[in-house]
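Values below: every heavy atom of this structure, side chains too, minus hydrogens, waters and symmetry copies. All values derive from a computational prediction rather than experimental measurement.
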Amino acid sequence: KLQESWERDREQLKRFAAELAVTNRKLEHIALTDMLTELPNRRAGMNALSEIWSNSERANQSMAAMLIDIDYFKKINDTYGHATGDRVLIEIAALIRSNARKGDSFCRMGGEEFLIICHSGCIEMQYTKSHPIKIDENNIEVTISIGIAQKEAGVENPDQLINLADKALYAAKNAGRNKVFLAVENKLINCSNPS
């Protein structure tokens with residue numbers, strides 16, 4: 001009887017452990033996912049950035065970070081409402097997901113800002129003058145500004161890489177938005193397609 005009781009207890013403990021493992025995986029997913037866009041969130045993005053940085057250091061490979069910001073997003077919210085603004089964020093997230101290369105990481109940084117971490121060199125994202133998004137009866141012309149920084153000599157850590165991408169993004173905004181700027185060798189270069 002003791003042996004049978006011990007076996008039952010052991011089986012019950014195995015079930016509890018399996019259920020706990022499933023619950024922990026769900027909690028981890030929730031903790032690392034932006035619930036609106038279903039992209040990884042900032043925490044997950046920063047973890048990926050650190051990992052990709054470490055791998056690029058070990059392998060002596062290049063990498064880049066792209067910060068993407070939706071232009072005039074407040075105006076979209078003010079004109080069409082926050083529910084429509086949320087749908088624009090979801091559409092842009094889908095566009096980022098479909099344009100990112102296999103192996104690159106991306107996340108929603110917060111608000112209307114996204115990050116793509118390119119594991120080797122820079123992503124060649126299709127850049128259009130505007131991306132019309134149809135929501136209900138509205139055709140909303142959405143543009144984005146992009147700031148890119150590549151890991152190069154003098155860029156000593158992931159935080160510095162993000163800061164450079166942020167400076168490039170700020171330059172794109174200051175140049176009138178709907179632009180792509182690259183931070184390289186202490187310069188900010190306009191890489192926007194003329195059109």
Side-chain angles (χ1 to χ4, degrees), residues 17-18 20-71 89-128 131 144-173 179-193:
L20 185 60
V22 168
T23 300
N24 283 339
R25 280 193 297 276
K26 287 179 182 176
L27 288 173
E28 182 179 21
H29 175 75
I30 289 168
L32 297 174
T33 303
D34 175 67
M35 298 317 283
L36 176 66
T37 63
E38 297 184 3
L39 290 181
N41 64 17
R42 182 185 187 107
R43 177 185 296 174
M46 294 301 97
N47 290 344
L49 176 62
S50 293
E51 185 178 321
I52 293 169
W53 180 275
S54 295
N55 291 342
S56 75
E57 288 280 291
R58 278 193 298 279
N60 198 25
Q61 290 181 328
S62 62
M63 65 169 290
M66 295 178 64
L67 283 174
I68 299 168
D69 192 81
I70 301 172
D71 296 327
L89 289 169
I90 292 165
E91 289 289 326
I92 295 298
L95 191 63
I96 289 169
R97 186 182 283 115
S98 68
N99 277 280
R101 299 175 307 186
K102 185 176 179 180
D104 289 342
S105 295
F106 43 85
C107 72
R108 180 178 176 202
M109 291 290 279
E112 65 272 14
E113 192 170 270
F114 300 87
L115 170 68
I116 300 176
I117 308 157
C118 311
H119 64 90
S120 61
C122 207
I123 192 170
E124 291 186 20
M125 188 172 177
Q126 186 178 3
Y127 179 72
T128 57
H131 181 76
I144 58 173
S145 295
I146 303 173
I148 306 169
Q150 293 182 303
K151 183 178 168 222
E152 58 185 6
V155 180
E156 297 175 3
N157 57 54
D159 290 336
Q160 194 175 8
L161 184 70
I162 291 294
N163 287 338
L164 287 170
D166 196 45
K167 286 180 182 176
L169 177 60
Y170 189 72
K173 294 282 191 184
K179 306 273 188 243
V180 178
F181 269 69
L182 172 66
V184 63
E185 297 177 0
N186 295 320
K187 294 181 211 157
L188 295 170
I189 302 167
N190 187 344
C191 303
S192 304
N193 292 337

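One finds the CG atom of L49 at 10.5 Å from the CZ atom of R42 (value rounded to the nearest 0.5 Å). Expressed to the nearest 0.5 Å, how far CD1 of I68 lies from CD1 of I96 amounts to 4.0 Å. Rounded to the nearest 0.5 Å, atoms CD1 (I117) and SG (C107) are 6.0 Å apart. Going from atom CG of L161 over to atom CD of E156 covers 12.5 Å, rounded to the nearest 0.5 Å. How far CZ of R108 is from CG of L36: 5.0 Å, rounded to the nearest 0.5 Å. Within the model, atoms CG of L182 and CD of Q150 stand 5.5 Å from one another, a figure rounded to the nearest 0.5 Å.
For the pair I92 and T37, the minimum side-chain heavy-atom distance is 4.5 Å or more. D104 places a side-chain heavy atom less than 4.5 Å from the side chain of C118. M63 places none of its side-chain heavy atoms less than 4.5 Å from the side chain of N55. Contact of the V22 side chain with the R25 side chain is registered, since non-hydrogen atoms from C-beta on lie closer than 4.5 Å. Between L95 and I144, the closest side-chain pair of non-hydrogen atoms is not below 4.5 Å. Looking only at side-chain heavy atoms (C-beta outward), F106 and N99 stay at 4.5 Å or farther from each other. Counting only heavy atoms from C-beta outward, the side chains of S105 and I52 approach each other to under 4.5 Å.
Remark: of the listed residues I70, L67, D69, I70 is the sole one forming a side-chain contact (heavy atoms from CB on, under 4.5 Å) with F114.
Nearest approach of A171 to F181, heavy atoms of both residues: CB-CD2, 3.6 Å. Considering every non-hydrogen atom in both G154 and Q160, the closest pair reads O-NE2, 3.2 Å. Pairing each heavy atom of N41 with each of A31, the nearest pair is ND2-O, 2.8 Å. Taking every heavy atom of both residues into account, A165 and A65 meet most closely at CB-O, 3.8 Å. Between G111 and L89, the closest heavy-atom pair is O-CD2, 3.6 Å. Heavy-atom minimum distance, A168 versus L188: CA-CD2, 3.7 Å.
Residues that satisfy the side-chain hydrogen bond (donor to acceptor under 3.5 Å, both in side chains) test with S50, not counting sequence neighbours, are absent from this structure.
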List the steps, then state whether side chain to side chain contact (heavy atoms under 4.5 Å, CB included) holds for V180 with M66.
-> CA-CA 10 Å; V180 178; M66 295 178 64; over 6 Å; no

List the steps, then state whether side chain to side chain contact (heavy atoms under 4.5 Å, CB included) holds for K151 with E57.
-> CA-CA 10 Å; K151 183 178 168 222; E57 288 280 291; 2.7 Å; yes

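Checking D71 against S145 by side-chain atom types alone, a donor-acceptor pair falls below 3.5 Å.
Side chain of E113 to backbone of M109: no donor-acceptor contact under 3.5 angstrom is found. In this structure a side-chain-to-backbone donor-acceptor pair under 3.5 Å is missing from E38 to I90.
Counting non-hydrogen atoms of other residues, nucleotides and ligands closer than 6.0 Å to NZ of K167 gives a total of 12 or fewer. Within a 6.0 Å radius of CZ in R97, more than 12 heavy atoms belonging to other residues, nucleotides or ligands are found. Crowding of N24 atom CG: a count of heavy atoms from other residues, nucleotides or ligands under 6.0 Å exceeding 12.
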